Amino acid sequence: LTLNLIEPGRLGLGDVVASTTAGDSFWTLDAEPGQIVQISLAAAQGSDLDPLVRLFGADGQQIDSNDDGGVGYNSLLTTVLPASQGYLVQADDLGGSGAFTLSIDMLEADALPLDGASVTIDRDQAWKLDGEAGQVLTVNIIDGGDSSYSSLQLLTSGGQLVATSDGNSSLVAVLPRSGQYLVVPRLDLDYADDSMTATLSDASDVADLDDAASQTMRTLAANNAIDLALDLYGWGTARGDVQFNADALNALCRFGALR
């Protein structure tokens, strides 16, 4: 058995590097928790490379990845950096070989209109909103004409995943804590100009509150945001009129949060 140590390169926000599948494939990222970063991995023109970009924390655990979020089969990962002592970016692939370009940028979030006004979903954009624990965020996605929907993610300002639309026509989440939240797009193989409308409602005004609360708690627990999931559970039980479904409760039980 032979182990070859790889010395990663170093990347900062705004940097662009060029390499090949036979060359450098790992870089440390100089960035801070809470920053919104966009990592682009694009194959050189004429290459058959199918890029896949991965982001890891200092503990070696994968934070996020993206396959086809860019133009064509190129990768474009937009995410909020969670707390970590460092970050590592990998230029991976799902097939092919050749040259590629890797670039890192920081995005500044725009305020998300919460009055139902239509907003174009752009790859190079993120949105922010402030909300109170127990309020319900509803984002409706309007198809631009290719019969597919842009995927959106709702994250805390610390990078914890709260909800995802997962290719569906809407994202609905009950906010587990008061504070700022971020919405980032995932446009994998979605080529039309989709748009969205967003509203933030009191829980008492939402007809399907049980479903929204259950799905949010399940997503939080599945992504190891146990403190937030327990906050949401505590909020729901304190209200007395929120019934979490079995999937949501089982998700907490799997992590030992409920016994």
Side-chain angles (χ1 to χ4, degrees), residues 8-31 35-57 62-82 87-110 119-127 139 141-155 159 161 164-168 171 182-196:
R10 189 167 180 174
L11 277 174
L13 297 174
D15 286 351
V16 180
V17 296
S19 186
T20 71
T21 49
D24 294 337
S25 58
F26 287 92
W27 291 264
T28 59
L29 173 60
D30 294 328
Q35 289 180 316
I36 309 171
V37 297
Q38 189 171 73
I39 307 172
S40 171
L41 180 61
Q45 188 172 3
S47 169
D48 65 347
L49 180 65
D50 183 2
L52 172 67
V53 66
R54 302 182 190 272
L55 176 66
F56 299 89
Q62 181 171 295
I63 295 171
D64 211 339
S65 66
N66 182 262
D67 178 16
D68 299 321
V71 176
Y73 292 101
N74 291 324
S75 299
L76 186 68
L77 172 62
T78 303
T79 193
V80 182
L81 295 178
Y87 306 97
L88 185 70
V89 177
Q90 180 188 12
D92 201 354
D93 65 80
L94 293 174
S97 61
F100 61 81
T101 300
L102 176 70
S103 62
I104 314 283
D105 290 299
M106 186 176 75
L107 297 183
E108 294 291 344
D110 295 327
V119 177
T120 299
I121 300 174
D122 192 292
R123 282 185 171 86
D124 301 319
Q125 201 165 1
W127 299 269
V139 182
I141 302 167
I142 303 159
D143 176 34
D146 64 349
S147 300
S148 65
Y149 295 102
S150 304
S151 287
L152 299 174
Q153 289 186 335
L154 176 68
L155 302 106
L161 181 65
T164 176
S165 67
D166 199 26
N168 296 312
L171 179 154
L182 298 159
V183 175
V184 298
R186 294 295 181 91
L187 306 188
D188 293 21
L189 297 178
D190 186 84
Y191 302 113
D193 293 328
D194 292 353
S195 58
M196 63 179 173

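Throughout, residue positions are numbered sequentially from 1 according to the sequence presented. Fair warning: this is a prediction, and the values are worked out from it, not measured in the lab.
Formation of a donor-acceptor pair under 3.5 Å by the Thr28 side chain with backbone atoms of Gly9 is found in this model. Here the side chain of Ser40 pairs no donor or acceptor atom with the backbone of Ser103 at under 3.5 angstrom.
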Could you walk me through whether Val17 and Leu11 pass the side chain to side chain contact (heavy atoms under 4.5 Å, CB included) test, one step at a time? CA-CA 8 Å; Val17 296; Leu11 277 174; 3.6 Å; yes
For the pair Ile104 and Asp15, evaluate side chain to side chain contact (heavy atoms under 4.5 Å, CB included) and give the outcome as yes or no after the intermediate values. CA-CA 6 Å; Ile104 314 283; Asp15 286 351; 5.6 Å; no
Going through the checks in order, is the side chain to side chain contact (heavy atoms under 4.5 Å, CB included) test met by Leu107 and Val37? CA-CA 6 Å; Leu107 297 183; Val37 297; over 6 Å; no
Full working for side chain to side chain contact (heavy atoms under 4.5 Å, CB included) between Asp30 and Leu13: CA-CA 7 Å; Asp30 294 328; Leu13 297 174; over 6 Å; no
List the atom pairs, with distances to 0.1 Å, where a side-chain N or O of residues 87-95 and a protein N or O form a donor-acceptor pair under 3.5 Å, not counting sequence neighbours.
unit_1	atom_1	unit_2	atom_2	d
Tyr87	OH	Pro82	O	2.5
Asp92	OD2	Arg54	NE	3.0
Asp92	OD2	Arg54	NH2	3.3
Asp93	OD1	Gly95	N	3.0

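Leu55 has its side chain within reach of Ile39: a pair of non-hydrogen atoms, C-beta onward, lies under 4.5 Å apart. Using a 4.5 Å heavy-atom cutoff, the side chains of Ser25 and Phe100 are not in contact. A 4.5 Å side-chain heavy-atom check between Leu77 and Gln38 finds every atom pair outside the cut-off. Here the side chains of Trp27 and Leu102 are in contact, with some heavy-atom distance below 4.5 Å. Residues Gln153 and Val183 are not in side-chain contact: their nearest non-hydrogen atoms beyond the backbone lie 4.5 Å or more apart. Looking only at side-chain heavy atoms (C-beta outward), Asn74 and Leu41 stay at 4.5 Å or farther from each other. Residues Ile142 and Asp194 fail the side-chain proximity criterion, which asks for heavy atoms closer than 4.5 Å. Val184 has its side chain within reach of Leu155: a pair of non-hydrogen atoms, C-beta onward, lies under 4.5 Å apart.
Ionic pairing of Arg186 and Asp64 is present here: one or more N-O contacts between side-chain nitrogen and carboxylate oxygen are shorter than 4.0 angstrom.
Here the closest non-hydrogen pair linking Ala109 and Ile36 is CB-CD1, 3.8 Å. Shortest non-hydrogen contact noted between Arg123 and Gly69 is NE-O, 2.9 Å. The nearest pair of heavy atoms linking Leu152 to Pro185 is CD2-CA, 3.9 Å. For the residue pair Asn66 and Leu76, the shortest heavy atom distance occurs at OD1-N, 2.9 Å. Taking both residues in full, the closest heavy atoms of Ser47 and Gly98 are given as OG-CA, 4.2 Å, listed atom of the first, atom of the second, then distance. Pro51 and Ala43 make their closest contact through CG-N, 3.9 Å (heavy atoms, listed as atom of the first residue, atom of the second, distance).
Considering CD1 of Ile141 and OG of Ser151, their distance stands at 7.0 Å, rounded to 0.5 Å. The line from CD of Gln35 to CD of Glu108 is 8.5 Å long, rounded to the nearest 0.5 Å. A distance of 8.0 Å separates OH in Tyr73 from CG in Asp50, rounded to the nearest 0.5 Å. Here CG of Asp193 is found 8.5 Å from CG of Asp122. Values are rounded to the nearest 0.5 Å.
For the side chain to side chain donor-acceptor pair (under 3.5 Å) test, no residue two or more places apart in sequence or in another chain qualifies with Asn168.
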